[in-house]
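Before any comments, here is the structure.
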Amino acid sequence: MRDQLKGMQTRLREIAAAFLERPDALCFIGWEMTPDEKETRPFFARKPRQVKRLVWNEMCHPNPASYLPGLRGSEGMIGVAVKGCDARALRELIRANQIERKNLFVLGIPCAGLVDPNTGAIASRCSECQYPVDLDYDETLGPMETPDLTVERSAPDLDAMSLQQRRAFWKQELDKCIRCDACRKICYGCYCPECIFEMSDPKWATNRGDLADKIFYHAVRAYHLAGRCVGCDECARACPMGVRLDLLNRSLRDHAKEMFSFDGAGITDEKPLLRTFSTEDPDPFFGGDK
Amino acid sequence: MTTARPSESVLVLGGGIAGLQAAVDIANLGFHVHLVERTPSIGGRMAQLDKTFPTNDCSMCILAPKMMECAGHDLVTLHTYSDLTRLEGRLGAFRVEILHRSRFVDAGKCTGCDDCAIACPVEVPSEFEMGLANRKAVYKPFPQAVPNVYAITKTGVAPCRDTCPAGVNAQGYIQLVKLGKFDEALEVVHNTMPFAGTIGRICPHPCETDCTRLDVESPVSICAIKRAAADHGKHIPEVEATPQERVKRAGKSVAIVGAGPAGINAAYSLARKGYPVTVFEKLPVVGGMLRVGVPSYRLPWDVLDREIDLVKNLGVKIKTSSPINGPSGIRNLFKNGFKAVLLSVGAHASLKLGIPGEKRKGVVGAVDFLRRHALGKKITVGKHTVIVGGGNAAVDSSRTALRLGARKVTILYRRSRAEMPALSWEVEAALEEGVEIMTLAAPIAVLAKKGKVTGIEVIRMRLEDADSSGRPRPVPIPDSNYVINCDMLIPAIGQAPILDCLGPRSRVKTSRWGTIVAHEKTCATDQKGVFACGDAVTGPATAIDAVDAGNRAAESIHRFLQGKPIKSTAPQIPCVRPPAEDLSGIPIVDRAGMSELSVRGRRRNFKEVEKGLSVKEARAEAERCLNCAPCCECMECVRACQANAVDHGMIDETITLHVGACVVATGFDMMDASIIEEYGAGRIPNVVTGLEFERLLSASGPCGGHVRRPSDGRSPKKIAFIQCVGSRDLRNHEYCSAVCCMHATKEAILANEHERDVRSTIFYMDLRAAGKNFQTYVARAKDQYSVSYVRARPGFVEEVEGTGDVRVVYEDTELRKKTDEVFDLVVLCQAMIPSEGSTQLAETLGIELDEHGFISTPSPLAAPVDTTRPGLLAIGYAASPQDIPDSVVQASAAAGRVAELLRRGSSDE
Amino acid sequence: MSDFEPKILVFACNWCSYAGADMAGVSRYQMPPNCRVIRVMCSARVRPEQVISALTQGLDAVLVLGCHPGDCHYTEGNYITRRRGIMLKNLLETMGFEKSRFQVNWVSAAEGARFAQVVREFVEEIKALGPSHVSTEKDTGTHA
Amino acid sequence: MSRVKVGVFVCHCGSNIGGIVDVPDVVEYARDLPLVHYSEDNLYTCSDAGLTAIKEKIKEHGLNRVVVASCTPRTHEELFRRTCEEAGVNRYLFEFVNLREHCSWIHMNQPQEATCKAKELVRLGAAKAARLRPLEIARAPVKPACLVIGGGVAGLSAAGSLAQQGFEVHLVERADRLGGLTRDLWKLLPGDRPASELLHTLTSRVTGEENVTVYLNSELDEITGFIGSFKATLSTPSGKKDIDIGTVIVATGAVELEPLGLYHLGETEGVITQMGLEKMLADEKKDLGDVVFINCAGARGPDREYCGRLCCAVSIKNARYLKEADPDARVTILQRDVMAFGTEFETEYRKAMCAGVRFIRFSPDRPPTMIGKDRVTGVRIYNQLTGEESDLSANTVVLTTPLAADAGASDLAQMLKVPIDKEGFFLEAHLKLRPVEFATDGVFIAGAARFPADIGEAVAQGTAAAAKAAAPMFAGEVSVEATTAVTDPRLCSGCGTCESVCPFDAIEITQDRHGRPVSEVNAVMCKGCGACAAACPCGAIQQLGFTDSQIFEMVRSLARDGDPSGSEG
C-alpha cells in the first residue's frame, strides 16, 4: 500500500511540474508535509522546481479546492489536486460561480482513505466517503470511484441520545467554543464576502458569549451548509477546542438522505437540496395534505 | 398609436365572478365601468362555494382579492343593492336608469364593524346560507362582503302594523319586549300615542286577527305585549320640535273641544310638534269615553291618568268642566287668539229604544248609567236588571250592574250570539260572572207600575238574509211575545254625539245621523280653521280609531298652521309577510294565557280583572313573532351604531347614466328541486340540494365545516349524489347544466376530506368531466376519496321509517339489475336556470332569449359574446351553462369586444 | 408549569394564513393571548436564521404558517418553506430543542376555525414543555 | 435623512377594539416607544374623520412614519397608504398593526392580556416603522405592439380584436395559409354553416388592416426581454426578421391525435379518423355505407388521461350528416360518456338520435375489436346494456380521437420561459381565474394550445387574450408594487442561490463592473414573495418593505421586553 502511494506522489509531482511549465500557469495547489512531518498542509507550488515539496499520502486532510474562491478573477491557469471529497466541493464551487472551470487544471487523485493522526486508523470522516459522479477532471491518477471502506461512524450517535442527553452534550461541547471562527475560515462553503455574524444591521450575533449566542452561531453555520457539506469534517479537525461540529453536519446529511433521498452535495449535477423542492416532498407537519 | 381615448363608460350588470372580471378588464382598458349588483355585495354565487374544482382552491381565497381589485379600481363604480330599470339608445350612446334601493345605512359612514347586527333582534333565513342558518335584518351577506357595508332588509310593513287603525309599530315594540327592553318598547308606542297602557287593555286588537303566526298555530297576543311595555317600561315622551320651531309656533295656539282619546291624542301630537294646546272638557274628568265609558275593572283610572299626565307634561293645558257651547263658543275661541279649533266631542248620548214606556223611572241609557257611575254619582241598581243591546256598552253595563249589586242581569239581543258586536272575551267574562244572555229577542214595550218599571214585553225574532250592514236581518215572530220582570232597564243600542258646541247657524255642517261632517282623511270641516274628528264625526268607534283620528287631525292642523296644502301625502308602504315555505318547520308554541281575577274575586268590586303579562311571560310571547317586515324599525341598530350610519329615513333613488355598451352577467339560480316529487326535496329532511350541501361543507357555513345532516345533526357517513335533477329532462329543462358532474365530484371529495370514513356514490348518466384536469380529478376522487360512480337515473327516493335515512331505488345500467341502497344523506344536483327576473330584464334591454331562457348569441362562433342587440354583450351562466374558467374567459372576451366596438366603431356590425 | 405563559412568535403569509387569522377574528374564535403574529408576503420569506435567533433570544416557540401546498399565491413559496422547515426542525432537535418548539403549518383564508385550533393546540403544547432551555440557562460563557 | 418621527394612531373601531383593549393605555404606552414622536386614538380611524386626523397630525408634528393600529391590512392598507401620500409621506413609510381580528376579537374575556398584547403589537409595528425606507413603484414602458403566434381561429380572433383596437399586430403562421385545423373542416355546429364562411369572417378582420403584418410559412426563432420590451426574431421565407413588441399571444393550437395501431388504424383499410371523414364529406364523397364511430379513441386512458372535450360534438355532427346524406346507412357511435354539455350540444345530441344515429355504450375494459383482414368489414362489441357480444357491419370505422399537443410546443415553451404540463399543453397562470394568462407577465395563451377547445371557445379565448394583452399596451406602462427584491452588489458572492429559488425567473447572475458574478433583480418581473431574501446566506438580497433588519428588529423588541408595561429605551 505504501509504495502505491509513493508511485502516485511521483506521478503527482510529474504532472504538476508539466503543468507549471505552461506559460499561463499561475500555481498548482497540493499538499506539503508540516515541519513535524506528522501532518500535511496546503501548498501553492508556483515554479516547477517547487513540485518536490508536493506530497500525496494518507495525511492529506486539507481541501485544496477551498482556496479557489480567493483566486477568482486572477490571471492564469490554476492547477489543483483533488481527492474524492475535495472534488465534490470543487463541483459546488463551480456551480456557485466561485471559480470558472476554464481557468482550472483539475488533477483527480483516487484516495483510499485518510488516516487519523491521533489514532492511526482510517479517519472517521471516510465512513461517509462518496466520490462525485462523471466530473470532468483534466487528469487523474486512477479511477475516481468510491473506495469500499468499512469505517465505523465516530461516536456519539446523537439520534440514539435522549433529548436531555443531547441537550447536556451540546451544553458541554458549546461551552468549549471560544468563537475563534476557525471552522468558518477552513470550510470550502463559507465564501460570503461579509458573513452575517460580522454584520451590525441586523446585529445577528450578540457576542455575549453565552449558551444562547453559541447555539445561534453553530446552528446558523450548520444550516448554511445543509445540502452543501461534503462531509470532509475539516471544521472539526480545525477546531482548536475539539468541538464536535461534524456531528451537526452529519445529522443534517442523514436527514436530507432520509427525507428527500438527497445523496449528498456535489455528487451529481442535480440541483442542491435547498435550491429546489418537489411537490411530492413529505409533509410531516400535522394537517398537511398527505 | 392611433387609439383616441374617448371618455366612454360601460355598464356591467351582475357582480358575480364574470361581472367582476369583466369590470376589471374593461377598466384596465381605460373605460369607466359602472358595475350594478342586485344584492348588497359583489361576489355572486362563487362566494357561496367552499372550494372550486378541479384545483380545490379555497373559493374565497381567490375571490376576495378579485373583489378588492374591482372595488378598489379607480375606474370602477359599484352600484350594489341596485337594479337596472330602463335602457334606451344605441351602441356608443345608451341612456340607462339604475334604481338604487335604499340600504337604510350610509355607505360613507359604515365601517362594517357589526355592532348593529349584534343589537338587532330580528332574525330571518339567510339567503347566502340557503336558508340553513339565520341572519339579522341588518346584515352583510358574508364576512368578506365588498363593499364592507351593512344593509337592512325592509320590504314593507308587517300586517299587525298595517291593520292597526293608528299604525302603531306593533312589530317594533314586540321585538324590543323580546329583548327585555321595555323602556325602548314603550318609546316606540309613544311615537304614535301616549295610551300604551290604556289601549293595551281595551283595544279590540284587529292586528291579532291578521297576524301571520295564525298560519302556524295562534296569533301573537300583541295587545297584551303592548300593555306589558306600559306596565314594565318607563319612558317620558318629549317635544320633538327643535327650539327654533317651538319659538316660531308659540304664536299658533290650538283649541281642542273634548278631552276624549281623539282630542287628547291630537293635543299630544300637536304638543310634540311644538304647538301650545288647550283642551276644553265639559265633564269634570279627563279621558272622555275612556274615563266615563269604559268601566275601571277593564281600564283602571290611575293607568289612564298616568298616561294623560304624559300629555300635560308636554305643556298641554286641559280645562275640565268648561264646555264650549253655542254659536259664540267657537267664535270666542278664535277671538281669544286660538288659530285652529278641533271638535272632538265624541258620542255621549244614548239612543232611545223608541218603545212605549221608555221614559219611566228605572230606565237609564247605558252611556248615562256608566258615566254616572264613573263620576261617582249614587246609582241604585235594580234586583233584576235587563240590558237591551249586544255591543260593548251593553256588556260593560251588565258587568257594572252586577258589581253594583244587581242580583240578576239579563242581556236582550235581537240577533244571535254570533252577531253580537261586543268583544267575545268580554261576553265570555260576563257569562262567567253570571250574566244571562237572551238572544233573538227584542223589547216592544216597557211595563211599569206607579211610574216605575216592573218588566218588559219581549217578542221572539228569527233571522233572515243579510241586511244592508251585511248582518242577518231580525224579523219578529208574530205573537211570540212574553214578559220579563225587571226593576231596571238599560238600553245600550248605540250612541250619538251631543253637538251643543255648534250653534244653530254654525257653518260646520252636520249629517243626518247627528254627526259632524268632516273630510274623511284631513278632518277639515267646511269652516276654515275648524277641524273635527273621532266619534263626533264617525259615530261610536273604537278607542284606537279615535287615536288615529286625533293624529290625522293634528297633522292637518299642523299643515294648516304652516300654510301648506291640507292633504295626506304619506307614501303607501306595502304590507308584507314572510314566504310560506319559511313557516314550515316552526315549532308549535301556544299563545300566552292572561291570568285573571277569580270570578269570586270580582264580586262587588272594580278591581282590574286582567292582570297583564309578567316580564318573563311577555318576553316568551314576543319570541313567537315571525318578523314579517322583516325590519321592525325598533331602532336598536341606531342606538348601537357609534358611527351613526343607520338612517331609516333613506328612500330609493333612481340615477341616470350614459354608457357606450352594456355587459350582462346576471348569473344563475337553482331550479326548485321540490318540483320533482319523486326525489323528495323539501319533503324528506335528509334530501338537500347541491348548494345547500356546499354550505354545510363550508368552514364559514352554518355548521363550521363539520357536515351535520338536517334531520338529527348526525354527520353522514354514506352520501348519494343524484345528477341531472331537472336537467336533460323533457318535463323540465332539456339542456345539460354543464357543471353539476364536477360539482358533485368536488363535494364528494370534500366530504371525504373532512371525515375520511365518508363514502359517496354519484348516480349519473354521462359523467361530463370534459375540462382541463377534470378526468384526473375524477380519477383521484375514485382512488383516494372513496367516491364511486353508478350509471343510473334513480326512479325515486323514500325515507326509511324511524332512522331518517334515505333509500334510493335505481336500475344500474352496467350491472343491468334494479336495486336500492340506503344512504345517510342524498344530495340533488338540480338544474341551474337563468337568474330570477331574467325575462323582464331581457325585455328592458331589448335582447332575445333562446328557448331555454338563456341570452341568445346569434353568431356563437364569430362573435361568441354578442347578443341580438349591438352594443349589448352577454357572458357567464346568463349566456349559457358553463363553469367559472369559461365565464372568466368570456368576461375578458367581453372587454376585448367592448374595446373593439367603442374604440374604432368597427364596421362589421 | 401551569402558570407559565409562553411567548410565541407566529409568521403568517399575507394571502392565506394571515387571512385565516382574520377569519378566526371575524368569527370571534377565542384563543390564548400568547401569540404575536408578524405578516410576511409569503411563508418562504421567513429566514431560518430569524427562527433560530428568536428561539435563542427569549421566545419559547416559533410557528410559520403558509398556504396549503398548491394554494400558494406565488405557486411555489410553501414548497420551499416546507423543505427548509424539515431541515431546520431536524437541526433544532439535534441541538437539544424539543420537537414542537418550531412548527410549520398550512391554513387557508377561509379556515378561521382551523387557525384557532392550531394556535390553541400549539400554545397548550408549549405550555406543557415549559420555557425554552436556552433562556433558562443564561449562564455566562467562558468568553465575554 | 431627517430624524425619524413615528406617529401612532390607535383605533377604537367603535367598541370592537375599545370595548376590550384599554386604548388610551396603549396610546400612552406607545408615546414613549423608541422614535415614536406622537400617538393618539380615534373612534373610527378609517372614517373620513379619522383620515383627516392623520393628515393634520402629520403636518402638525412633522411625522415621517405612520403606524395605524386598527383592523386588518388586507382591506384598508391601500386606503391608509393613499392618506399618507396625500399628506406628503411616502406611501411605504406606513405600517399596519391588527388590534381587532388578531387581538380584541379573539381575547374578548381577557381584557388585561388583550391590552398587554396590543401594546406589544404596537411596539412591533413601531419598531418596523422606524426602519422603513421610502420606496418608489417601479414602472416599465410597454410598446403597443403584439406578436400573435399561430394563425388558427384563436390567433385570428386575437389578432383581429387587437387590430380593431388599433394596436400594431404581428401574426406568425407556420403553414402557407391562415385558418389552422378549421381549414380542413366541412360544416360547423351550430347552424351547419360551412367552415370557410367563418374563416372568411375572421381573416377579413385581419388582412387588409394596415396595422397588421401577417407572416406565412414563418416561425419564431428566438425571443428575449420581458413585458413591454420583447425582442423577437422570426424566420420568414424572406429571411430573418427582428421585431420589437410589448406582448405575446400564444395561439399555436393543437393537432388531431392519430394513434397508429389503435383499432388497426393505418394497418387495415377503411379505418380513418374524424378529420379524414371531414375531408371525405367536404369532397362530396358519400358512398361510405354502414359506418361505426369509436369515441374516446386514445383518450381517457392510461397514456392520455384527459378528455378531448369537443370530439363527442364532432362525432355527433358528422354522424348526423352521414344519416342525412344516406338515410339507409346504419350509423352507430360507440361511446363511453357523451360529453354533450350545455344547451347547444345536448340539442345536437337529441337531433342526431332523431336522425337515426344509434349510440351504444362500451366500457374501457371490454373495448370493440375490428373484423376484417385487409379491409374492415365490421366491429365486434360487448353491448353493456344488453350484456351480450354482437357484430356490427361496417364499411368504414371512424376513430374519434382527441386533439393532442403540438410537438413544437415544448420548444416554444422553452423560448418563452413558460411551463407546459405533462400532456404537453401550455400551463396557464391559474386554471380558474387567469385562464388566458401565463404566470410570466406579458405572455398570454388562447385556444387548443392550452387545452382542447371548440371553435366558439377558441374565438372567445382569442378575444380574451387580446383584451388582457391590450391592458398594459393601452396603459403604455406596467407598474409593480415596490416591495420587490433588490441586491447589494458589495455583499453578493454571485452564488446563484437566489436565482434558482425565484419562482418567476426574475433574478439573473450578471457581471458587475469588475467582471465579478453578481445577482440582479428585474423589478418588473419580481412579484415580491421574498423567497430569495430568505435563501441568501449573507442577506445580500433583501425584499424591500420586509427587510431582514425590519423583521429582526420586530422580533428583538418582542423577545427582549419582559413586561411590556415597563418602558425601556
Side-chain angles (χ1 to χ4, degrees), chain A residues 158-159 161 163-171 174-180 196 202 204-216 218-220 222-224 226-227 247-248 250-252 254-256 258-260 273-279 281-290, chain C residues 44 47-58 63-66 68-71 76-100 103-107 111 114 117-118 121-122 132-144:
Chain A
L158 288 179
D159 297 340
M161 285 187 184
L163 176 74
Q164 297 310 339
Q165 289 165 327
R166 267 206 307 277
R167 190 174 286 177
F169 173 78
W170 284 114
K171 180 165 172 358
L174 295 186
D175 264 353
K176 297 189 282 184
C177 169
I178 55 171
R179 279 298 309 286
C180 67
I196 75 170
W204 292 103
T206 54
N207 293 353
R208 281 202 304 274
D210 57 10
L211 179 68
D213 185 40
K214 296 213 188 123
I215 287 181
F216 174 76
H218 285 284
V220 170
Y223 181 80
H224 278 178
L247 295 176
L248 288 178
R250 185 172 76 189
S251 155
L252 285 175
D254 293 350
H255 200 62
E258 176 205 341
M259 296 298 276
F260 310 106
L273 179 75
L274 289 181
R275 287 197 179 192
T276 180
F277 63 87
S278 147
T279 50
D281 276 349
D283 205 321
F285 314 112
F286 65 85
D289 252 353
K290 305 273 174 314
Chain C
R47 234 180 134 70
E49 293 85 338
Q50 184 61 72
V51 172
I52 301 167
S53 164
L55 289 174
T56 53
Q57 297 302 325
L63 173 65
V64 173
L65 294 177
H68 284 275
D71 271 6
E76 303 170 356
N78 44 12
Y79 292 122
I80 296 168
T81 310
R82 176 164 63 183
R83 189 165 270 206
R84 283 183 194 150
I86 291 173
M87 294 312 291
L88 180 59
K89 205 168 173 42
N90 168 271
L91 175 62
L92 290 170
E93 277 165 54
T94 311
M95 296 194 72
F97 286 89
E98 292 89 344
K99 268 171 88 66
S100 45
Q103 289 273 19
V104 173
N105 214 317
W106 317 123
V107 175
E111 289 175 322
R114 187 172 147 66
Q117 184 222 341
V118 163
E121 281 170 10
F122 191 56
S132 146
H133 75 288
V134 172
S135 57
T136 48
E137 288 172 357
K138 278 245 177 311
D139 59 358
T140 54
T142 56
H143 185 71

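In what follows, chains carry the letters A, B, and so on, assigned in the order in which the sequence lines appear, proteins first and then strands, with residues in each chain numbered from 1. On a predicted model such as this, the values are computed, not experimentally measured, just so you know. These values consider heavy atoms only, across backbone and side chains, with no hydrogens, waters or symmetry-generated copies.
Here the side chain of Arg114(C) pairs no donor or acceptor atom with the backbone of Val107(C) at under 3.5 angstrom.
Side-chain contact annotation: His224(A) with Glu49(C), donor-acceptor N/O pair under 3.5 Å present.
Listed options Leu163(A), Leu174(A), Leu158(A), Leu247(A) were ranked by heavy-atom pairs under 4.5 angstrom with chain C; first place goes to Leu163(A).
Ring pair Phe97(C)/His133(C) is perpendicular by interplanar angle, where above 60° counts as perpendicular and below 30° as parallel.
For a residue to count as touching a neighbouring chain, one of its non-hydrogen atoms must lie under 4.5 Å from one of that chain's; by this rule Phe169(A) does not touch chain C. The contact between Leu252(A) and chain C is made by backbone and side chain atoms together, counting heavy-atom distances below 4.5 Å. Interface residue Ile196(A): only side-chain heavy atoms are found under 4.5 Å from chain C. Of the two parts of Lys89(C), only the side chain, counted from C-beta on, holds a non-hydrogen atom closer than 4.5 Å to a non-hydrogen atom of chain A.
Between Leu91(C) and Ala222(A), the shortest heavy-atom distance links the atoms CD1-CB, 3.9 Å.
A distance of 6.0 Å separates OG in Ser53(C) from CH2 in Trp204(A), rounded to the nearest 0.5 Å.
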